[in-house]
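A short worksheet on the structure shown next.
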Amino acid sequence: EVQLVESGGGLVQAGGSLRLSCATSGFTFADYVIAWFRQVPGKEREAVSCLSNSDGRIYYGDSVKGPVTTSKDNAKRTVYLEMNNLKPEDTAVYYCAATLRPSSWLVWSRWDEYEYWGQGTQVTVSS
């Protein structure tokens, strides 16, 4: 069974930092693309980043304003999203998602390219 479990969310003041984790199981980690999305109630889910374990490519979404870095730990089967200089508009539920490969790298940011999703972790940035 494929599982994606996010952690690391919470309440942080504007200008602060958070590192989110996405722990995975149930599939061959080295073969998959892991992405981070975020969603605010009433708005569409938007892409933050993706990391391809098979070839190492990394993309970041246009929605990201502050410094963001995605990385991985193969031994732990975990992908990280480090966010710095957070702003109140970064407040959202952050999800990680997985797919073997997007239909095209041009559409990596489309949420419907991903078959597997975690339950999400809330990030709240106070002003």
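Quick caveat, the model's predicted, so the values are computed rather than measured.
Between the CD atom of Glu1 and the OG atom of Ser25 there is a distance of 7.5 Å, given to the nearest 0.5 Å. Going from atom CG of Asn53 over to atom OG1 of Thr28 covers 10.5 Å, rounded to the nearest 0.5 Å. Annotation: the span from Arg110 atom CZ to Ser103 atom OG amounts to 7.0 Å, rounded to 0.5 Å. Rounding to the nearest 0.5 Å gives a distance of 8.5 Å between OG1 of Thr69 and CD1 of Ile58. Atom OG of Ser109 sits about 14.0 Å away from atom CZ of Arg45, to the nearest 0.5 Å.
Across all their heavy atoms, Thr70 and Tyr60 have their closest contact at N-OH, 2.9 Å. Across all non-hydrogen atoms, the minimal contact from Tyr95 to Gly118 is CD2-O, 3.6 Å. Taking both residues in full, the closest heavy atoms of Thr78 and Ala23 are given as OG1-CA, 3.8 Å, listed atom of the first, atom of the second, then distance. In plain terms, the two heavy atoms of Glu44 and Gln39 that are nearest each other are C-NE2, 4.1 Å. Of all the heavy atoms in Glu113 and Thr99, the pair that sits closest is O-OG1, 3.1 Å. Between Arg38 and Ala92, the shortest heavy-atom contact is CB-CB, 3.9 Å.
With contacts defined as side-chain heavy-atom distances shorter than 4.5 Å, the pair Trp36/Cys22 qualifies. The shortest distance between side-chain heavy atoms of Trp105 and Cys50 falls below 4.5 Å. Using a 4.5 Å cut-off on side-chain heavy atoms (C-beta onward), Asp90 and Met83 make no contact. The closest side-chain heavy-atom distance from Val79 to Phe29 is below 4.5 Å. Between Tyr116 and Phe27, the closest side-chain pair of non-hydrogen atoms is not below 4.5 Å. Taking the side chain as every heavy atom from C-beta outward, Leu51 and Lys72 approach each other to under 4.5 Å. Here the side chains of Leu81 and Val68 are in contact, with some heavy-atom distance below 4.5 Å.
Using a distance-only test at 3.5 Å, with no hydrogens or angles considered, a donor-acceptor pair links the side chain of Thr24 to the main chain of Arg77. A donor-acceptor pair under 3.5 Å is formed between the side chain of Glu6 and the backbone N or O of Gln119.
In this structure, a donor-acceptor pair under 3.5 Å is absent between the side chains of Ser126 and Gln13. Inspection of the Ser54 and Asp31 side chains reveals no N or O donor paired with an N or O acceptor under 3.5 Å.
The side chain to side chain contact (heavy atoms under 4.5 Å, CB included) search around Val12 returns Leu18, Leu86, Val125, not counting sequence neighbours.
At a threshold of 4.0 Å, the pair Arg19-Glu82 does not count as salt-bridged, since none of the basic side-chain nitrogens sits closer than that to a carboxylate oxygen.
Taken together through direct or relayed side-chain contacts under 4.5 Å among Ile, Leu, Val, Met, Phe, Trp and Tyr, Val33 and Val107 form parts of separate hydrophobic clusters. Ile34 and Tyr80 sit in two unconnected hydrophobic clusters of ILVMFWY residues. Membership requires side-chain heavy atoms under 4.5 Å apart, directly or through other members. In the hydrophobic cluster analysis, where Ile, Leu, Val, Met, Phe, Trp and Tyr join through side-chain heavy atoms closer than 4.5 angstrom, Val5 is grouped apart from Val2.
Cation-pi geometry between Arg57 and Trp108 is not satisfied (NZ or CZ under 6.0 Å from the ring centre, within 45° of the ring normal).
The aromatic rings of Tyr114 and Phe37 lie perpendicular to each other, with more than 60° between the two planes, well past the 30° mark.
Environment of CH2 in Trp111: sparse, with no more than 12 heavy atoms of neighbouring residues, nucleotides or ligands closer than 6.0 Å.
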